[in-house]
Amino acid sequence: HTFAGQVERVLLDKYGESEIQRVLESWRLLDLEYEHCAFFGKEGEVDPQTSNCYQYAHSYVPGLSVTPFWDTKNLPWAEKLAKSYKTIRKEFDSVTSDMAHLTKTGNNIWAGALTEEAGGYGQGWSTLVLKDRGIWDETNCSLFPKTAQAVYKAGVPATEVFFASMKPNSSIKLHSDFTIFVLTSHLVLVIPENGKNKCRLTIGDETRQWIEGEVSVFDTSLMHDAINESNETRYILMMRVWHPDLTEKERNALQTIYDCLEVPELTSSDEATRVAAQQKIDSMRTFPQLQSSSS
C-alpha cells in the first residue's frame, strides 16, 4: 500500500519480473535508503587512502560496468552529435546574445542548483534545460530548435539535456551524482583559451581538459570535480544518458519509475485514471513540433 509498492506493481504488470530483476532490486534498495560505496582505483597504482576513485550511489543498479571516461568510438550517437557542433554553437551564440529576450521567453534560464544534491556544483554553475527525466521542455526547445533536433536525430539515449555554464575562476567541489544507471556526456561549446588547459574535469583520479567540439562520456557516480581557471565563462551542452549495459526493457522500466514520480496517477488502482495518466505522460514525452526543426 506504499507508493514504492504501487510503483513496483506497475513495473511487474508492464514488464514481468525476470527481465527487470536488477531494476526491481534497485527500486527496493532505494526505498530502504541504501547507499552503495565501492573503490574502483587500480590496485597497486593508486593509494586507496588518497585516491578519489570511489563510487557513491543511492540510485544503484547492480552489475553495471564502471569506467571513468568511456571511449565514444563505441557509442555511434556521440559521433553523430559531434558533427552538429557548428550548428549548435552558432544557434547557442545567437540565442544567448539577447539575454533579455531569452530570460523573458524561456523557462528557468540559467537556474542554479535545483536540488540539495546538485548544490555540490557550487554558485558558479547554472543550467538551461531542454529535457528532464525524459520530458522535453517545449518552450526552451522552441528557443533552441536546431540543438534539440540535433540531439533527437543523433539518437542520444538521454534522460536529461541542458546547457550548463561555469563562471570565470570558479570550481565544482568534489562530489558524486549518486546515480549509477546514467552516465554524463558533454558536447563542449565554449572554452576560454581553448586547448590551454584552463578548464578541466577530473573523474576519480583522471583529469582531462575540455576541448571545443568534442563529445565526452564519463561516469559521475564516481567522485569528480571541475575547475575554470580562466577569466571567461565556460559553456557546454550536458546530457545524462542511459548506461550502455542496461537492456532496453531495463531502460523502459527505469523510465517508468521517472514517469510515476512525475505523474503519480499512473499507480492508481482505477483503470480509467491510469489510462488518462498514461496518455498525459505519453504526450509529455513526445518530441515537440518545432517551427525551425526542418531548417
Looking at [X] and [Y], what are the two nearest heavy atoms and their distance?
X    : Y    : answer
S221 : Q55  : OG-NE2, 2.9 Å
M223 : L174 : CE-CG, 3.7 Å
N107 : N140 : N-OD1, 2.8 Å
E250 : L246 : OE1-CA, 3.4 Å

Rounded distance [0.5 Å steps], [atom1] in [X] versus [atom2] in [Y]:
X    : Y    : atom1 : atom2 : answer
L237 : L187 : CG    : CG    : 5.5 Å
S84  : K146 : OG    : NZ    : 11.5 Å
E138 : L130 : CD    : CG    : 12.5 Å

Between [X] and [Y], how do the two ring planes meet: parallel, tilted or perpendicular, split at 30° and 60°?
X    : Y    : answer
W125 : F162 : perpendicular
H36  : Y60  : parallel
F39  : Y54  : tilted

Legend entry - Residue E79 excluded, over 12 heavy atoms near CD under 6.0 Å: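 Check fails, neighbour count at 12 or below.
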Inset, instruction - Check whether the ring centres of F218 and H186 lie less than 6.0 Å apart, and answer yes or no. - result: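 Between F218 and H186, the centre distance is under 6.0 Å.
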Inset, instruction - I would like to know whether T273 and E265 meet side chain to side chain donor-acceptor pair (under 3.5 Å); could you show each step before the answer? - result: CA-CA 7 Å; T273 301; E265 291 81 6; over 6 Å; no
Legend entry - Partner of L254 under side-chain contact (heavy atoms from CB on, under 4.5 Å), chosen from I20, V23, L11: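 With L254 as partner, I20, V23, L11 yield a single side-chain contact (heavy atoms from CB on, under 4.5 Å), made by V23.
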Inset, instruction - Identify whether V7 and L261 are in the same connected component of the hydrophobic contact network (ILVMFWY, side-chain heavy atoms under 4.5 Å). - result: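 Yes: a chain of side-chain contacts under 4.5 Å links V7 to L261.
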